[in-house]
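A quick write-up on the structure given underneath.
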Amino acid sequence: MIKKILITAALPYANGPLHFGHIAGAYLPADCYARFERLQKSDVLYVCGSDEYGIAITLSAELAKRTPQQHVDDFHAINKALFEELNMSFDHYSRTSWVGHVAPVQRFFLDLLDNGYIEERTTDQLYSEIDGKFLADRYVVGECPTCGKNGARGDECPHCGASYEATDLRNPRSKISGAPLVHRPTKHWFLLLDKLREPITAWIAAKQWKPNVLNFVKGYIEELRPRAITRDSTWGVPVPLPGSDGKVLYVWFDAPIGYISATMQWASERQEPSLWQKYWLDPATSLVQFIGKDNIPFHAVIFPAMIMGQGIPYKLVDQLPANEFLNLEGRQFSKSDGWYIDLEEFFASYSADQIRYVLAANAPETADAEFSWRDFLQRCNGELVGKYGNLANRVLIFAHNKCQAIVPEAIELQERDSAFLWQLKLLAAQAEECYRGFRLRRAVQTIMELSQLGNSYFDNTSPWLDAKDPERIDAMHTTIACCVQCLKILALISWPIIPSTAEKLWHMLGFEESLLHSGWQAIVASPIPVGQRLRKSEILFHKIDEEKIAQEEEKLRMRVKQEV
């Protein structure tokens, strides 16, 4: 029976460009898993899209003197282009501002309301009499209620770190106009999460997720309380009730429903509008959601609670691989501080497979990790060029020179040859388990183990010596036949991480169709046919000049100085 797997990656917020920390946390792991499951011949649907509502976006748009729609259009295009540059294999990339997103979001709201999990409350909020509107916390500054210092934000003080409600600020004023603010009652709707504590607790108890996820969730559930799900704004999904003009649903409420609406859009564009139900309404579907650790509460608790409280039997998440943070040279990525990598400059010098490989090797799976230019240099030159590329180059050049550019027959299998072929299958099985278990770092190690194994075998068997002795030609053919099988497995297990390079290697081995066409099990089980013509070897990776990396490090330092 074919497995049906629905894969989502956290919707990137369309309020700024993504950086490599985001890619390492959710998008690369999701893409590698999707590619792996496609190799397994699973029925895979991989969706993502831009998260485009929220007060942060309206504030940024105002500061940039443009509309929220213009603002999100800009960053939607920028981030989508980055994903394409990185060879992300989404089946569909959507956005929450598309018209079809409204209906499922409003249906969630009305179902939860009818089922007693949403209630209307009147609360005091900050109002600008000059601007004639309520202001959300992102629009508010004032004096901290804890330390008394001026310049405190609407939800947190940058001086003492205190958290509070915006209504607690002393002398609050508008961040945009500087107008003084007053308290005024207004109605909002609250999701009664505490009412769903019991079913969520029972559901979580059966999960065998990563410890970092489960440890966080257990404490979070204990603190569940009613949470406001509406805002005073015109940018967002409108509250579908009479007398609710100027009220929209909170971005954290509508955003996760974006996975569902994205699938609906995908189905609609395929002219099969009900096809989304095959994935979201089938209990047999495996739902795997890739996120960063900052998104754990929304995906592990709040969105499942929302699903439990409404009326449609949507699939609940099965696996939630949540990664930690990736830093840059020991510090958090920060555009405002100048601590970032210019992506346009990066891709002018380096390839998508190089950064995919390095990010996978340093994936922040159990703890925060970091990208450094020196590590990038070492991995690209020492591993991708020195091990992976070197093995492919030396074997294929030798086969062209000494085996008439065809796969020779393994006539004289010695014990070491059989042991080598057995190790190839073991490493393929090991890589398979790594991908299935969301362990990219270990998968990278396995790829390098296989590369090193192939290089050592080639060195130890010394086919160049056998080629000089007519009585040893069969032994030489056997060595090259085994090495070609090694390259086949190498292309297979590296394809989820470095797909362009793996595909190139696959075609160099004489295959016409894509590696994906054959699938994992068939590739492992079936030797490359004797006599198959090998294509000319091409350079898979180019060595990076150490001086170039020194320049990258200097650019980073200079960028910080300019910001200061």
Side-chain angles (χ1 to χ4, degrees), residues 8-19 21-22 25-27 48-83 93-102 104-106 108-109 125-126 128 131-141 153-156 166 174-177 188-189 227-239 244-262 265 291-292 294-295 297-299 302-303 333-336 340:
T8 71
L11 306 186
Y13 201 43
N15 195 33
L18 294 169
H19 55 65
H22 298 120
Y27 308 105
C48 189
S50 295
D51 175 6
E52 297 186 333
Y53 290 129
I55 296 298
I57 282 171
T58 61
L59 176 58
S60 296
E62 284 190 44
L63 292 172
K65 298 188 182 334
R66 57 184 177 180
T67 68
Q69 188 66 62
Q70 291 170 330
H71 189 74
V72 298
D73 285 349
D74 187 18
F75 287 113
H76 173 76
I78 288 171
N79 290 333
K80 188 177 181 184
L82 172 61
F83 286 136
Y93 191 78
S94 184
R95 53 194 308 190
T96 57
S97 66
W98 87 282
V99 65
H101 179 63
V102 174
V105 173
Q106 292 184 336
F108 256 84
F109 177 88
Q125 299 296 324
L126 294 175
S128 171
D131 299 319
K133 62 182 179 181
F134 288 96
L135 297 186
D137 52 21
R138 296 287 183 114
Y139 282 85
V140 175
V141 292
R153 296 192 292 266
D155 60 348
E156 184 182 43
S174 167
K175 185 176 183 179
I176 301 295
S177 67
H188 281 291
W189 286 264
R227 186 166 181 161
I229 58 170
T230 57
R231 287 281 205 183
D232 291 290
S233 180
T234 56
W235 180 247
V237 177
V239 174
S244 60
D245 292 348
K247 308 287 184 181
V248 297
L249 292 165
Y250 222 134
V251 63
W252 64 259
F253 184 91
D254 91 86
I257 304 171
Y259 300 125
I260 298 172
S261 68
Q265 187 180 36
I291 59 172
D294 52 333
N295 269 319
F298 301 104
H299 291 73
I302 295 176
F303 188 42
F333 283 84
S334 174
K335 187 75 178 283
S336 61
Y340 66 96

Working to the nearest 0.5 angstrom, can you tell me the gap between [X] [atom1] and [Y] [atom2]?
X	Y	atom1	atom2	value
I260	F108	CD1	CZ	4.0 Å
L11	N295	CG	CG	9.0 Å
T230	F109	OG1	CZ	7.0 Å
K65	Q70	NZ	CD	13.5 Å
E62	S177	CD	OG	9.5 Å

- prompt: So, Q106 side chain and P238 main chain: donor-acceptor pair closer than 3.5 Å or not?
  reply: yes
task: Output yes when a side-chain donor or acceptor of S233 lies under 3.5 Å from a complementary backbone atom of V248, and no otherwise.
output: no
message: Run the ring-ring contact (aromatic ring centres under 6.0 Å, His included) test on H299 and Y259 for me, step by step, so that the C-alpha distance in whole Å, both residues' side-chain angles and the decisive distance to 0.1 Å come before the verdict.
response: CA-CA 11 Å; H299 291 73; Y259 300 125; 5.6 Å; yes
Listed partners of [X] passing side-chain contact (heavy atoms from CB on, under 4.5 Å), at least two apart:
X	result
N15	Y13, A56, I57, S60, H71
A64	R66
H22	L18, H19, Y27
L63	L59, I176

Could you work out, with side-chain hydrogen bond (donor to acceptor under 3.5 Å, both in side chains) as the rule, every residue matching [X], not counting sequence neighbours?
X	answer
S334	S336, D337
R138	none
Q265	H92, S94
D254	H101

message: Using the rule side-chain hydrogen bond (donor to acceptor under 3.5 Å, both in side chains), only one of W235, Y53, Y139 pairs with T58; which is it?
response: Y139
Where [X] and [Y] come nearest, the two heavy atoms and their spacing:
X	Y	result
F83	P12	CE1-CG, 4.1 Å
T96	G258	CG2-CA, 4.3 Å
G54	V251	CA-CB, 3.9 Å
P104	S261	CG-CB, 4.0 Å

statement: Sorted by chain and residue number, the salt bridge (charged side-chain N to carboxylate O under 4.0 Å, His left out) partners of K247 (sequence neighbours excluded) come out as D232
- request: Can you sort out the partners of R95 under salt bridge (charged side-chain N to carboxylate O under 4.0 Å, His left out), two or more places apart, ordered by chain and number?
  value: E52, D73
query: Between the side chains of S50 and N79, is a donor N or O closer than 3.5 angstrom to an acceptor N or O?
result: no
ring-ring contact (aromatic ring centres under 6.0 Å, His included) partners of F253, counting only residues at least two apart: none
query: With F303, which residues qualify under ring-ring contact (aromatic ring centres under 6.0 Å, His included), at least two apart?
result: none
field: Candidates R231, K175, R153 - the one meeting salt bridge (Lys or Arg N to Asp or Glu O under 4.0 Å) with D137
entry: R231
